[in-house]
Amino acid sequence: MAIFDKETAEKLFGELWTKMIKETEFGKKLKESGITILFEVNDPDVVMYVDENGPLFGKEAKEKTPVVTMKMSGDTVHKYWLKKLNIPKALAMRQIKAKGPVNKVLQILPLLKPGQELYPQYCKQYNLPTDI
Amino acid sequence: MDYFDLNTNLSKEDRDLRAAAREFAEQLMRPVSIELDRMTADQVIAENSPLWDFMEHAYKLGFHTILLPEFYGGQGMTPLQTHLIFEEFGWASFGLSVFLIVACFPFYCACMTADDELVDAFVKPFCECRDGSIRGCWAITEPDHGSDVIAVGEECFTSPQMVGSVQARLDGNEWVINGQKSSWVSCGTVATHALLHCQVDSSKGFAGNGICIVPLDLNGVSRGAPLEKIGQRDLNQGEIFFDEVRIPKGWMIVQPDFYVPMLDIILASANLCMASWATGLARAAMEEAITYSRDRVQGGKRLIEHYSMKQRIFQLFGRVETSRAVSRSAMELNFNMSPPFVEYSLWAKVQCTEAAFQNTHDAIQIWGANGLTKEYIIEKLFRDARSTLIEDGNNETLARHGGHVLGETYPRK
């Protein structure tokens, strides 16, 4: 059974990314990097585009042209935010698939760290398991 | 010599980067390479060797971090820009290209982890280094295992009888490493860090391997003598020995459960580098052949005016253009995709190194007896090209692996 349902995922991701962009150094660093990201999440199916202005979902997201596209399951996203994902393993095993310059993909991962600090409070808020 | 690029949409930045790389290649890299080629393997790495000035210049220009993300201090090049630069490097010297770029391998792989400890300990110091004093190597090849190490899909690969020359065992929070890597480790006797492939679980043969980062100043590390060889004599190669070498548990960045797919990721990157350098080498041979055939007079007219010579020069040109198209498209594919489709990198490496070898061979034939002498660069290009057919996986082994991957994945989606 997937960790998220679609409604929870869109709401949580929206809040988390907005907070990261507006209230942490991530927003400034994302702008400086020039990186924009399209997340194509499966189980549940969520499409989200992120740039320095915040996240967009669904049709609006699909119309954007990102620098990097990342595909993964909702459970993989959850594990990543909980710092429980071995990233080289996830890339090697195709749990994460990315399109876009490899050095940009490698750059995204450390940029996202502020989100990992914020995530546990969202798990409490949305009653998501953290002992996976 | 400049060349017409079939890609007429190169940006000003692309063209400027290529021009900077060409200047570096022509004015420093090739002259140093020729000088080193005439030295013994010991002299190449001696304190007063021009190798170290070359490395310092390359590091000052940031060429050692071409493959690394800007976030850590890398150059953040596009795949196309990387190819443009690497072709110029390959034109100047295949051996020094390997030496310079393999220097980043342990640090490039450490980036994949996004682990703060590894980034602070290894990646940032490497990116900040401007004097060439931090240098990595890719320690995969073993005395008893050349092609074996990439024999994925063959029965032997997973056999417990496949005992690796380097073993690692976990002791509390540390890995303890013992064994020996072969004479063919590029930068092996002078590297400060190794991206080390070692056997962790011998019950699975080489599928039980892991990959770790090892600073080579640790207790228990020693080196062999630098290797004397036919070509790429400017490239230091040599053995590394491990005697009860201890590293923290977290420095084993790849465990057996994902060793095989990670091997393909690393191989895909390495083979793309080889392919783009081989394109430069093939071009170097073609340019020498064109220049000579325009000057040399036989039978009362310049060589280039002879009917058969025109055909032969055209073949050289065709191999260069094909190599560029193949290696560039493979690089644009696989440096834009994680994980990569390894068969395209393997294809590019095999095609381009064979084209480089054929071009250097044909160029010698065009130069005639002059091509055999040490007075001209042609014979060096030929010797360098010969090594590429075996380097980073001999071409037959790579083709076998490519066929195995195709059997499992074709057509890709």
Side-chain angles (χ1 to χ4, degrees), chain A residues 20 24-40 42 52 65-72 76-77 79-117 119, chain B residues 65-82 104 107-116 118-120 123-124 210-211 250 252-266 268-269 272 331-342 409 412-413:
Chain A
M20 280 168 63
T24 74
E25 60 183 9
F26 170 73
K28 184 177 163 227
K29 288 186 174 173
L30 185 67
K31 186 176 182 181
E32 285 170 358
S33 72
I35 299 175
T36 57
I37 316 159
L38 183 72
F39 289 94
E40 295 182 2
N42 66 284
E52 77 237 30
T65 305
V67 173
V68 171
T69 299
M70 300 190 83
K71 294 182 182 180
M72 64 195 89
T76 301
V77 174
K79 274 189 191 170
Y80 173 77
W81 288 126
L82 287 173
K83 303 183 189 174
K84 290 184 177 177
L85 188 72
N86 180 323
I87 293 165
K89 183 176 178 179
L91 281 168
M93 304 298 283
R94 300 184 180 271
Q95 292 163 351
I96 298 176
K97 293 184 195 171
K99 275 188 185 172
V102 172
N103 54 28
K104 300 285 186 198
V105 174
L106 295 178
Q107 189 159 335
I108 289 170
L109 301 170
L111 282 177
L112 295 179
K113 290 202 169 172
Q116 291 179 322
E117 304 308 319
Y119 193 64
Chain B
T65 62
I66 282 175
L67 296 177
L68 279 88
E70 283 171 290
F71 183 78
Y72 300 118
Q75 301 298 309
M77 303 272 180
T78 66
L80 173 60
Q81 289 169 345
T82 302
C104 84
F107 314 102
Y108 177 70
C109 288
C111 284
M112 286 188 203
T113 66
D115 179 288
D116 288 338
L118 292 173
V119 167
D120 290 342
V123 181
K124 286 183 178 170
I211 303 174
M252 185 72 72
I253 60 175
V254 176
Q255 305 276 350
D257 58 343
F258 64 107
Y259 175 76
V260 170
M262 185 54 74
L263 177 63
D264 271 355
I265 290 177
I266 297 172
S269 296
L272 288 174
M331 189 172 273
E332 293 211 68
L333 173 76
N334 276 342
F335 278 4
N336 267 313
M337 190 162 57
S338 311
F341 292 165
V342 67
T409 64
R412 293 278 198 177
K413 289 175 184 163

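Here is how names work: the chains are called A, B, and so on, in the same order as the sequence lines, proteins then strands, and each is numbered from 1. The shown structure was predicted, so the numbers you read here are calculated from the model rather than taken from an experiment.
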Which atom pair, heavy atoms only, marks the closest approach of A/Val102 to B/Tyr108? CG1-OH, 3.5 Å
Please rank B/Met262, B/Glu332, B/Gln75 by heavy-atom pairs under 4.5 Å with chain A and give me the top one. B/Met262
Which region of B/Asp257, side chain (C-beta onward) or backbone (N, CA, C, O), has a non-hydrogen atom less than 4.5 Å from a non-hydrogen atom of chain A, or is it both or neither? both
Contact summary for A/Met93 and B/Phe258, nearest pair of heavy atoms: SD-CB, 3.8 Å
Engaged part of B/Leu68 at the chain A interface, taking heavy atoms whose separation is under 4.5 Å: backbone
Quick check on the interface: out of A/Arg94, A/Lys104, A/Lys97, who has the most heavy-atom pairs with chain B under 4.5 Å? A/Arg94
Measure across B/Glu70 and A/Gln107 and return the closest heavy-atom pair with its distance rounded to 0.1 Å. N-OE1, 3.3 Å
What pair of heavy atoms forms the shortest contact from A/Asn103 to B/Leu67, and how long is it? CB-O, 4.0 Å
Shortest non-hydrogen contact between A/Leu91 and B/Pro339, atoms and distance: O-CG, 3.3 Å
Is A/Lys83 in contact with chain B via its backbone, its side chain, both, or neither, using a 4.5 Å heavy-atom distance? neither
With a 4.5 angstrom heavy-atom cut-off, could you sort out which part of B/Tyr259 is near chain A: side chain, backbone, both or neither? neither
Provide the closest heavy-atom pair for B/Ile265 versus A/Ala92 in the form atom of the first, atom of the second, distance. CD1-CA, 3.8 Å
Answer yes or no: is there a donor N or O on one side and an acceptor on the other, between the side chain of A/Lys113 and the main chain of B/Ala114, under 3.5 Å? yes
Winner by heavy-atom pair count (cut-off under 4.5 Å) against chain A, out of B/Pro69, B/Pro261, B/Gly74: B/Pro69
Would you sort out whether A/Lys99 and B/Asn336 count as a side chain to side chain contact (heavy atoms under 4.5 Å, CB included), showing the intermediate values? CA-CA 6 Å; A/Lys99 275 188 185 172; B/Asn336 267 313; over 6 Å; no
If you round to the nearest 0.5 Å, how far is CG of A/Leu109 from CG of B/Asp115? 12.0 Å
Using non-hydrogen atoms only, which part of A/Ile96 is less than 4.5 Å away from chain B: side chain, backbone, both, or neither? backbone
Take atom NZ of A/Lys84 as the centre, draw a 6.0 Å sphere, and report whether it contains more than 12 heavy atoms from other residues, nucleotides or ligands. yes
Counting heavy-atom pairs under 4.5 Å with chain B, the top scorer among A/Val68, A/Thr69, A/Ile87 is A/Ile87
